[in-house]
**Q** 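Below you'll find the structure I mean.
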There are 2 protein chains.
Amino acid sequence: MKIATWNVNSIRSRQEHLTNWLQKNPVDVICLQETKVIDSDFPRSPFEELAYHLYISGQKSYNGVAIFSKIPLQNVSVGFAHRNPVSSSNRVSQVSEVSSSNRVSELDEQKRAIAGIFEDILILNLYVPNGSEVGSEKYEYKLQWLKVLREYLEVALKTTPNICICGDFNIALESRDIYRQTKDTEIMASPQERQSLQAILDLGFTDAFRKFNPDAGHYTWWDYRRGGFPQNRGWRIDHFYLTENLSDRAQSCIIDKEPRTWEKPSDHTPVILEL
Amino acid sequence: MKIATWNVNSIRSRQEHLTNWLQKNPVDVICLQETKVIDSDFPRSPFEELAYHLYISGQKSYNGVAIFSKIPLQNVSVGFAHRNPVSSSNRVSQVSEVSSSNRVSELDEQKRAIAGIFEDILILNLYVPNGSEVGSEKYEYKLQWLKVLREYLEVALKTTPNICICGDFNIALESRDIYRQTKDTEIMASPQERQSLQAILDLGFTDAFRKFNPDAGHYTWWDYRRGGFPQNRGWRIDHFYLTENLSDRAQSCIIDKEPRTWEKPSDHTPVILEL
DNA sequence: GGACGCCCGG
DNA sequence: CCGGGCGTCC
């Protein structure tokens, strides 16, 4: 089976790109970030016509995540409030089965996480906060968010051996993931962010892309400004992180640079995992 | 020779449409309205590559007119300040040879008129104010503008027998020019506007389109709202008005509806006069 | 540089 | 509905 992740930078602006890409790449599951639209305005039909079941959690202007799946997902939930199932038409259940702290429900105001079970795999689709500048309020929010994510995963791992986390992490873990040397004060590469992400991986996740490719020079995001893409000035910040069982099953993990060459592209390009 | 007029509703948004259309329709002269861009940002090269000389008078956001000509125009002037020549690079002369009233120079703040001589013909390209609502301040401005236009033409006619006025007049003179019955309080069809325009035609101009086609149901503008175009709910508000000599020379005057069927079109479609 | 919302203008 | 400008975010 194939799973893709793609920060589309507005589903409404990228509808054509995404349908074209899915026709060429009929993956079983695709995880999207930065859909930037409230659920009632999400363009469902073009993707339902491609035989996908849609699970979406969006807001106006910012953030927004979605999972499309060729088969229905089980136990779909949004945010970090544990076991909060939604139907494919996005009703959110009235009851929350755990005592969500204020912190968690505050974090869930931004639509950055959606999860569902595909066969025996829990797929968790994330749009990690960007963090703006090191030391800023948004940076603290990013670190807080990663801490809550870690707690969420600790709980999930107790019952679920096969977890696939993917999405836009807004963090490049190593120097080989960035086209140039960076300082410790740079967002997406600062030690604190990296440590927060590493603490999550230390729960038992491995980077699927690095199972197959140790080389530098492979990126998933290029800044729109300063002609980043033509000169391959990129960052690898979109990831698949897999629990051990799943990592063993992984057959390939590739970055498809093609959509970034199209007219009016997203600044990110898709990553595809084959299991 | 062929002259076209087209309200493009932003030259930057319509650049592709216009170059495509000019390749199919290599008219000698094209008069554009609502270019909506300051002269320094006007996309000159795509049109210069099609062998046109460009004469432009634009402003930020609103209005803006331009003439493209296969041969250089003589005595190009912008606005109503009489004999105010500009070069093809749009320098405006420092001297105004007539005592421009404050009224005229105020009206010229909005870039709605540009003129030039092609062979023996004075071509006057106009974007008449819309007028918003009957009785409004903008309506009074429209009537004022038409009055000044009339005065301008009275002077011009003394020395220039061959005048071709064209552009977006934002007035449909007769009921056969509108897809439905209108009330006297409707903008673009109110008696006062029509009288102001008729007073101009009474100086000795005739409607080139009506020389060839007396039928109702021929329009040049369809509102973006309420799916006006698919149901042909249009208005004929873009016109060629010719002095007698020129009217006698006119071979055809047609409305090309095709560009209005293209993706993301202007709400207006071009009219082509053959002399 | 390119999304968005909001406002203005047609 | 579809242009433009502006402010905001990434």
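Lettering follows sequence order; numbering is per chain, from 1. In this text, all values refer to a predicted model and were calculated from it rather than measured experimentally.
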**Q** Could you tell me the boundaries of the chain B footprint on DNA chain D, defined by atoms under 4.0 Å from its heavy atoms?
**A**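 On DNA chain D, the outermost contacted nucleotides are D:dC1 to D:dC6.
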
**Q** Tell me the side chain to side chain donor-acceptor pair (under 3.5 Å) pairs involving residues 129-138 of chain A, sequence neighbours left out?
**A**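 Listed once each, the pairs would be none.
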
**Q** Can you tell me the distance, in whole Å, between the CD atom of A:E263 and the P atom of C:dA3?
**A**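 After rounding, the gap between these two atoms is 11 Å.
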
**Q** Who passes side-chain contact (heavy atoms from CB on, under 4.5 Å) against B:S175, sequence neighbours left out?
**A**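 B:S175 satisfies side-chain contact (heavy atoms from CB on, under 4.5 Å) with B:Q181 once adjacent residues are dropped.
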
**Q** Would you kindly give the CG-to-P distance between A:N7 and C:dG2, to the nearest whole Å?
**A**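 Rounded to whole Å, this separation is 15 Å.
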
**Q** Could you note down all residue pairs passing salt bridge (charged side-chain N to carboxylate O under 4.0 Å, His left out) where residues 258-270 of chain B supplies at least one of them, sequence neighbours left out?
**A**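 Listed by first then second residue: B:K24-B:E258.
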
**Q** For the pair B:D177 and B:R194, find out whether any cationic side-chain nitrogen is under 4.0 Å from an anionic carboxylate oxygen.
**A**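 Between B:R194 and B:D177 there is no salt bridge, as every charged N stays at least 4.0 Å from the carboxylate O atoms.
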
**Q** By nearest nucleotide on DNA chain C, pick out whichever of A:D267 and A:S10 is the more 5' one.
**A**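 Looking at DNA chain C, the more 5' nearest nucleotide goes with A:D267.
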
**Q** Of all residues at least two apart in sequence or in a different chain, which pass the salt bridge (Lys or Arg N to Asp or Glu O under 4.0 Å) check with A:E140?
**A**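 By the salt bridge (Lys or Arg N to Asp or Glu O under 4.0 Å) rule, A:E140 matches no residue at all.
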
**Q** Could you run down the sub-3.5 Å N/O contacts of the protein with nucleotides 6-8 of chain C?
**A**
| from | atom 1 | to | atom 2 | distance (Å) |
| --- | --- | --- | --- | --- |
| C:dC6 | OP1 | A:K60 | NZ | 3.2 |

**Q** Among all residues two or more places apart in sequence or in another chain, which pass the salt bridge (Lys or Arg N to Asp or Glu O under 4.0 Å) test with B:E16?
**A**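 B:E16 satisfies salt bridge (Lys or Arg N to Asp or Glu O under 4.0 Å) with no other residue.
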
**Q** Considering residues at least two apart in sequence or located in another chain, which fulfil the salt bridge (Lys or Arg N to Asp or Glu O under 4.0 Å) criterion with B:K111?
**A**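 B:K111 satisfies salt bridge (Lys or Arg N to Asp or Glu O under 4.0 Å) with no residue once adjacent residues are dropped.
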
**Q** Please name all residues satisfying salt bridge (Lys or Arg N to Asp or Glu O under 4.0 Å) with B:D207, sequence neighbours left out, ordered by chain then number.
**A**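 Only B:R236 meet the salt bridge (Lys or Arg N to Asp or Glu O under 4.0 Å) criterion with B:D207.
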
